[in-house]
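First the structure, in the form of structure tokens, and then the observations on it.
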2 protein chains.
Amino acid sequence: MRRMTARPANAHQARLLRLLRDGGPNSRAQLGDQVDLSRSKLAVEVDRLLETGLVVADGLAASRGGRRSHNIRLAPALRFLGVDIGATSVDVAVTNAELEVLGHINQPMDVREGPVAVFEQVLAMAAKLRASGLAEGFDGAGIGVPGPVRFPEGVPVAPPIMPGWDGFPVREALSQELGCPVMVDNDVNLMAMGEQHAGVARSVGDFLCVKIGTGIGCGIVVGGEVYRGTTGSAGDIGHIQAEPDGRPCACGNRGCLEAYFSGAALARDATEAATQGRSAELAARLDEAGRLSAVDVAAAAAAGDATALDLIREGGNRTGQVIAALVSFFNPGLVVIGGGVTGLGHTLLAAIRTQVYRQSLPLATGNLPIVLGELGPTAGVIGGARLISDHLFSPA
Amino acid sequence: MRRMTARPANAHQARLLRLLRDGGPNSRAQLGDQVDLSRSKLAVEVDRLLETGLVVADGLAASRGGRRSHNIRLAPALRFLGVDIGATSVDVAVTNAELEVLGHINQPMDVREGPVAVFEQVLAMAAKLRASGLAEGFDGAGIGVPGPVRFPEGVPVAPPIMPGWDGFPVREALSQELGCPVMVDNDVNLMAMGEQHAGVARSVGDFLCVKIGTGIGCGIVVGGEVYRGTTGSAGDIGHIQAEPDGRPCACGNRGCLEAYFSGAALARDATEAATQGRSAELAARLDEAGRLSAVDVAAAAAAGDATALDLIREGGNRTGQVIAALVSFFNPGLVVIGGGVTGLGHTLLAAIRTQVYRQSLPLATGNLPIVLGELGPTAGVIGGARLISDHLFSPA
DNA sequence: GTTGCTTTGTCCTGTGACTGGAGAAAGCCA
DNA sequence: TGGCTTTCTCCAGTCACAGGACAAAGCAAC
């Protein structure tokens, strides 16, 4: 079945589609208030959109003291796929055209198995969502991968934690398999777009979105647009030096932030503490292989374990020092903290805040909120849907 | 005498004015090639510009095998003023509409004397340039000040090194005195715009411009536009922590980059080395008050003094470490090093390069040139002219 | 029910922006 | 002098758009 064959024919139509996406159903009059076009011109464009089937008019709204208005809304059958590929798990979700999540699956997975195996799994998950009746097909898909991406082509470049992916034509391959347009981006950028669309970053033009998962990355939004850098590696803050001649890092350098704090580093440090008998609480959570995960540390911290709390605080301090530097440099209007280690929540946040507020200049921190992401694991998939809808809702 | 009363009436005219500014005189046909308008429409807009007097047609170009074309150029009487206020000196220059420097004066000065005294001096310098016959008046002025600026209003905010300036309405006051439109920005942003217009950063979309003068700052250009941050303090990297619990800094914190390397820090360290007898070369340059300046260090280094070279190298290393972090974060296409301490040149550059190439990821540094600014002290004033011309050459 | 008022949506015409072609002007070359 | 090229101008036709007139549809007061 072919879907969404039409695209907006001009900037007006694209604008209208985005308004309907972000603001939900609207009357012609309400649209006119937001769009600075005469009612006649607006009517023409809306009619054309109705003809293409991209939007539909269904039912009448309640009267506001005069003639009742028609509800104009995006085609209710439109479906976007959001895919967030992490280091150790995948999230796949379907949304409608308003980017509301209709169904969401999370499964463990290992990126290092390579793109072929991973996409087999992703396609199976997508098929499952479709089979459950949530979608008859997909009109577009936005994919996030945990590494730098050459954005225009949708190809990962030199990704440190997923070596088999270098140069794999993700966009092209998935577009073929799914039979719909596909856009690919860094997972951190997707999270930023998610929080921008439906989370804490609504209405903020310039902000940073720090994602602490298996690694650490940072989404950069400038004037409402994701900034990707010259080679697509902007925001790659995991390998900023946090300690001169410090711990060795997987990247070959020493003292990288990621070597001190990230899901992986936290798990390793906690395991060490547990096996050295520094924390009974942590030791009790060791698995058969004698290992701990970041989730265990979060649980131990929630139970009040001092060692776990110390690990989190120390990591938060390191991260906070780096963020403080970025805040001085970038002067954002908001800093969002998110990612897999959400359980660490407020202990982590407090440590980061302390460092930033202490080290950055008052002018940069004066009105700077530093908050946790609001969407959790759905930020990435919503960001994916947002990414592809931005693409499709732009002039052909 | 009233000047440049007209402004471009629409985006087409603005575009044409900028093309003429950046590309020099052009025929209608050449303009048409760059502007994607029909020849008829183009002719209409050019005619309107000719009517307003913003552009003039003077003479015929050589034939290229057919009818000779008219030379269309910006009005030759247009004059912009570029003012670059540093911590210890001012640069004032006049340019024509193509932003070519026609005259340039530099004078020592102390910002701490406050805006009134400083502007008295600036106005005198501008009058001198005018008196020398280079300009009959000014059509606009771009001013750079060494501190953060609330850009839309042109007002310095909480500038650390120039306390008397906080909230002083620079734009309004100067506009009144000069009788022409004025725009105000951070001096570092001006330098970035200068190098972008006429220096090493031509044709680079995303780059960083690190200015090492009395302090250290960084101009950020994203997609060809200067990025100023939420409160106008973006690029304020002098107070990024370079050393935990390090040297006390004038800002009240400890370990700031500026406490280790900047014109002021370098002078202080060199003076110390000289008085402690660690360098005869430096000691020979002490002034009557027993002090050295950054220029003395540069001279000593040029003479091969090991202590001076060490100081520069050490400072370069610190600066390079911070820049490495910023490169990882921002992934620029170019890094420009400039500012008062140009004499330190290649020793400094080598130290910075070493750190950046060693600490940043290959993807970010692979094609990353790190170069000295090309314009020296004229970068700022050209940037000022560029700033105001961008403003004036935009639709009214 | 009727009347007046409000809101929503449609229709129509006039205006200005813009394109593309025809051709004039001006130059080169043989 | 006649072809060929480039540059520039003029003109008519097309399209985008605004804004007013008007129709449709609803509410409320009488």
Side-chain angles (χ1 to χ4, degrees), chain A residues 6-20 23-74 394-396, chain B residues 6-20 23-74 394-396:
Chain A
R7 288 277 292 276
N10 57 40
H12 295 316
Q13 293 185 15
R15 179 87 200 284
L16 290 170
L17 291 175
R18 291 183 190 207
L19 281 174
L20 290 171
N26 255 309
S27 69
R28 285 179 174 80
Q30 286 171 311
L31 287 173
D33 292 342
Q34 300 171 71
V35 94
D36 196 38
L37 279 178
S38 67
R39 277 170 309 168
S40 18
K41 178 59 179 166
L42 181 87
V44 169
E45 297 299 351
V46 170
D47 285 345
R48 286 185 191 158
L49 285 174
L50 286 168
E51 273 174 39
T52 65
L54 280 172
V55 307
V56 298
D58 65 337
L60 296 171
S63 166
R64 302 194 307 148
R67 174 174 170 178
R68 293 167 64 190
S69 59
H70 292 272
N71 262 332
I72 307 291
R73 64 163 64 210
L74 290 167
S394 62
Chain B
R7 287 278 291 278
N10 57 40
H12 295 314
Q13 292 185 16
R15 178 87 199 285
L16 290 170
L17 291 174
R18 291 182 190 208
L19 281 174
L20 290 170
N26 255 308
S27 69
R28 285 179 175 82
Q30 285 171 312
L31 288 173
D33 292 342
Q34 302 171 70
V35 92
D36 196 39
L37 279 177
S38 66
R39 277 166 307 167
S40 7
K41 177 61 179 166
L42 180 86
V44 170
E45 297 300 350
V46 170
D47 285 346
R48 287 187 191 157
L49 286 173
L50 285 168
E51 273 175 37
T52 64
L54 279 172
V55 307
V56 298
D58 65 339
L60 296 170
S63 166
R64 301 194 308 150
R67 173 173 170 179
R68 294 168 63 190
S69 59
H70 293 272
N71 262 333
I72 308 292
R73 64 164 62 210
L74 290 167
S394 61

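Order of the sequence lines sets the chain letters (A, B, ...), proteins ahead of strands, with each chain counted from 1. Heavy atoms only: backbone and side chains are in, while hydrogens, waters and symmetry mates are out.
- Residues satisfying the side-chain hydrogen bond (donor to acceptor under 3.5 Å, both in side chains) test with A/N71, not counting sequence neighbours, are none.
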Could I get a table of every N or O pair under 3.5 Å where one atom is in the protein and the other is in nucleotides 2-4 of chain D?
none

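- By the side-chain contact (heavy atoms from CB on, under 4.5 Å) test, B/S38 is found to be paired with B/S40, B/K41, residues two or more places apart in sequence or in another chain being considered.
- For the side-chain hydrogen bond (donor to acceptor under 3.5 Å, both in side chains) test, no residue two or more places apart in sequence or in another chain qualifies with B/R15.
- With a heavy-atom cut-off of 4.0 Å to chain A, the contacted part of DNA chain C has its first and last nucleotide at C/dT6 to C/dC12.
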> When you check every protein heavy atom under 4.0 Å of nucleotides 8-18 of chain D, what one-letter string (B, S, -) results, 5' to 3'?
Replying inline: BSBB----SSB

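- With sequence neighbours excluded, no residue satisfies side-chain hydrogen bond (donor to acceptor under 3.5 Å, both in side chains) with A/R48.
- Residues meeting the salt bridge (Lys or Arg N to Asp or Glu O under 4.0 Å) test with A/R18, sequence neighbours left out: A/D390.
- Every residue two or more places apart in sequence or in another chain that forms a side-chain contact (heavy atoms from CB on, under 4.5 Å) with A/A57 is listed here: A/L50, A/I72.
- Sequence neighbours left out, the pairs with a member in residues 23-40 of chain A that pass salt bridge (Lys or Arg N to Asp or Glu O under 4.0 Å) are A/R28-A/D47.
- Every residue meeting the side-chain contact (heavy atoms from CB on, under 4.5 Å) condition with B/A9, not counting sequence neighbours, appears here in chain and number order: B/Q13.
- Checking A/L42, A/L74, A/N10, A/L37 one by one against A/L16, the side-chain contact (heavy atoms from CB on, under 4.5 Å) holds for a single residue, A/L42.
- By the side-chain contact (heavy atoms from CB on, under 4.5 Å) test, B/A29 is found to be paired with B/S27, residues two or more places apart in sequence or in another chain being considered.
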